[in-house]
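Each remark here refers to the structure printed beneath this line.
Only this structure's heavy atoms are used, side chains among them; waters, hydrogens and symmetry mates stay out.
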Amino acid sequence: RIGPKLLRRESGWFGRDYADTLVDINLPVIAHEVGQWAAYPDYDVIKKFTGYLRPSNYEIFRDSFKAHGLLEKNKQFARNSSEFQFAAYKEEIEANLRTPGLSGYQLLDLHDYLGQGTAFVGVLDPFWEPKSYVRAEEFRKFSNVTVPLARLRQRVFTNADRFDVDVELAHYGPEPMERGM
């Protein structure tokens, strides 16, 4: 859906969901191309390209970084933007999992996509290898067959705050869960 009731982005984050989007929808809905959160590439990936595949897109971006005096900060840009990317994917996927009636979601891609220009949206590099900031076991904590979810009403708690949140389980396994186990 488009317009004011998006089935993506920040409106469902931080303990919320996209339930408003599905009002009066009586068909199975799968969220399409969730995320698309880009991260600066680590230009060391250029060394992996061999043969006929030339990384001219990466070279253009790298050369622009260099021309602006930023190339020595490439690792920092890649790490910091990638950590934000990972957190954004986590928030958006969890919002989808919290949404009652949503049948599932699919990502644009798990790896940086080179098919129609350049989309640095993956948690894997163009060769389907993990980037340095994320491990499969970390991604599986929020994108798996069964995922525990909390509806946090705030992001920071102090010892003066009462920790009172609703907890849910998203479960897409082949068998129903018995008593949440």
Side-chain angles (χ1 to χ4, degrees), residues 1-41 45 57 78 81-157 163-181:
R1 298 203 57 175
I2 58 173
K5 294 184 177 182
L6 290 175
L7 187 58
R8 62 182 338 149
R9 304 290 186 211
E10 302 86 5
S11 65
W13 291 14
F14 307 124
R16 298 184 307 270
D17 61 40
Y18 303 114
D20 289 349
T21 302
L22 301 178
V23 171
D24 298 326
I25 303 292
N26 297 315
L27 299 167
V29 175
I30 296 175
H32 175 65
E33 293 186 358
V34 163
Q36 298 189 35
W37 297 103
Y40 282 98
V45 74
N57 50 353
S81 66
S82 296
E83 287 176 5
F84 174 78
Q85 177 198 49
F86 190 74
Y89 270 114
K90 180 180 186 300
E91 285 291 342
E92 194 157 349
I93 288 171
E94 287 180 349
N96 276 270
L97 294 175
R98 281 190 299 270
T99 301
L102 187 64
S103 299
Y105 66 90
Q106 57 88 212
L107 303 177
L108 172 62
D109 216 326
L110 280 176
H111 75 309
D112 286 345
Y113 183 70
L114 307 177
Q116 298 168 320
T118 303
F120 300 124
V121 297
V123 293
L124 304 174
D125 72 15
F127 299 94
W128 292 91
E129 295 173 355
K131 294 180 179 177
S132 62
Y133 68 95
V134 65
R135 300 285 173 255
E137 55 272 10
E138 291 298 312
F139 199 82
R140 280 193 293 265
K141 288 180 180 179
F142 61 87
S143 180
N144 209 330
V145 173
T146 305
V147 178
L149 301 163
R151 290 190 180 263
L152 299 174
R153 292 173 189 82
Q154 62 197 59
R155 300 300 288 173
V156 177
F157 291 87
F163 187 72
D164 181 17
V165 300
D166 294 328
V167 178
E168 304 168 4
L169 282 176
H171 178 68
Y172 291 91
E175 301 294 326
M177 293 182 74
E178 297 296 328
R179 298 182 303 160
M181 298 179 186

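Note on Glu168 versus Arg151: salt bridge recorded, some NZ/NE/NH1/NH2 to OD/OE distance being below 4.0 Å.
Around the OH atom of Tyr40, the shell of radius 6.0 Å holds no more than 12 heavy atoms that belong to other residues, nucleotides or ligands.
Closest approach of Ala31 to Asn96, counting heavy atoms only: CB-OD1, 3.1 Å. Taking all atoms of both residues into account, the shortest heavy-atom contact from Leu149 to Ala170 is CD1-CB, 3.8 Å. When every heavy atom of His171 is checked against every heavy atom of Glu175, the shortest pair comes out as NE2-O, 2.8 Å. In this structure, Val45 and Pro126 approach most closely via the heavy-atom pair CG2-CD, 3.9 Å. Of all the heavy atoms in Pro100 and Asp17, the pair that sits closest is CD-OD2, 3.7 Å. Here the shortest heavy-atom pairing between Ser81 and Ala78 reads OG-O, 3.5 Å.
Between the side chain of Ser143 and the main chain of Phe139, no donor-acceptor pair closer than 3.5 Å is present. Using a distance-only test at 3.5 Å, with no hydrogens or angles considered, a donor-acceptor pair links the side chain of Glu91 to the main chain of Phe14. Judged by distance alone, with hydrogens and angles left aside, the side-chain atoms of Lys131 form a donor-acceptor pair with the main-chain N or O of Gly122 at under 3.5 Å. Panel note: side chain Tyr89, backbone Phe84; no donor-acceptor pair is recorded below 3.5 Å. Side chain of Thr99 to backbone of Tyr18: a donor-acceptor contact under 3.5 angstrom is found. Side chain of Arg153 to backbone of Asp164: a donor-acceptor contact under 3.5 angstrom is found. Within the 3.5 Å criterion, the main-chain N or O of Val121 finds a donor-acceptor partner in the side chain of Asp112. A donor-acceptor contact shorter than 3.5 Å links the side chain of Gln106 to the backbone of Glu33.
Rounding to the nearest 0.5 Å places CH2 of Trp13 at 11.0 Å from CZ of Arg98.
Considering Leu169, Val147, Thr146 in turn, Val147 is the only one that fulfils the side-chain contact (heavy atoms from CB on, under 4.5 Å) rule with Leu97.
In this structure, Trp37 and Val123 have side chains that are not in contact, with every pair of non-hydrogen atoms separated by 4.5 Å or more. Residues Glu138 and Phe86 meet the side-chain proximity criterion, which asks for heavy atoms closer than 4.5 Å.
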Full working for side chain to side chain contact (heavy atoms under 4.5 Å, CB included) between His111 and Asp125
CA-CA 5 Å; His111 75 309; Asp125 72 15; over 6 Å; no
I'd like to know whether Leu107 forms a side chain to side chain contact (heavy atoms under 4.5 Å, CB included) with Ile93, so could you lay out the CA-CA distance, the side-chain angles of the two residues, the decisive distance to 0.1 Å, and finally the verdict.
CA-CA 9 Å; Leu107 303 177; Ile93 288 171; 4.3 Å; yes
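In terms of the ring pair (Phe, Tyr, Trp, His ring centres under 6.0 Å) criterion, Tyr172 has no residue partners (sequence neighbours excluded).
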